[in-house]
Amino acid sequence: MVLDLSGVTFLSAAGLRVLDRAQQRAHADRTSLRIVSASRCVSRVLRVTELDRELACYPTLRAALPTRPEPVLAR
C-alpha cells in the first residue's frame with residue numbers, strides 16, 4: 001500500500017497516530033506500507049519523531065511504487 005503525502009503541508013499528532021495505525025494494520029495483513037513524504041514538512045515531522053525509522057519513506061511516488069506487484073499471501 002502506498003500513501004502519498006506529497007501534498008500534505010501540516011502533520012499533527014493525530015496524523016502521526018493514523019500513520020502508526022496504518023503501519024500496524026499493514027503488518028497484521030502481511031503487506032507493506034510505503035509513505036511518499038516529498039514535502040519538507042512531512043519529512044521533518046517524521047524525522048523528528050523518528051517515525052522515518054519505522055516507516056518505509058520515499059521521496060517520490062515513482063520511487064515508492066514496487067517494481068513488481070507484491071504477492072498476495074494466504075491467511
Roughly how far apart are [X] [atom1] and [Y] [atom2], rounded to 0.5 Å?
| X | Y | atom1 | atom2 | value |
| --- | --- | --- | --- | --- |
| T49 | E54 | OG1 | CD | 8.5 Å |
| L11 | L16 | CG | CG | 4.5 Å |
| L65 | R34 | CG | CZ | 8.0 Å |

Joint hydrophobic cluster, [X] plus [Y], side-chain heavy atoms closer than 4.5 Å:
| X | Y | value |
| --- | --- | --- |
| V36 | L5 | no |
| L3 | M1 | yes |
| V8 | L46 | yes |

Testing P59, C57, S37 for side chain to side chain contact (heavy atoms under 4.5 Å, CB included) with S43, which one passes? S37

Within the 4.5 Å heavy-atom criterion, are I35 and L51 side-chain neighbours or not? no

Please list all pairs meeting side-chain hydrogen bond (donor to acceptor under 3.5 Å, both in side chains) that have one or both residues in residues 7-21, counting only residues at least two apart or in different chains. D20-Q24

Can you see which heavy atom on A63 is nearest to which on Y58, and at what distance? O-CD2, 3.4 Å

Can you name the side chain to side chain donor-acceptor pair (under 3.5 Å) partners of S6, sequence neighbours left out? D4

Linking directly or through intermediates, with side-chain heavy atoms under 4.5 Å: list the remaining ILVMFWY members grouped with V48, chain and number order. none

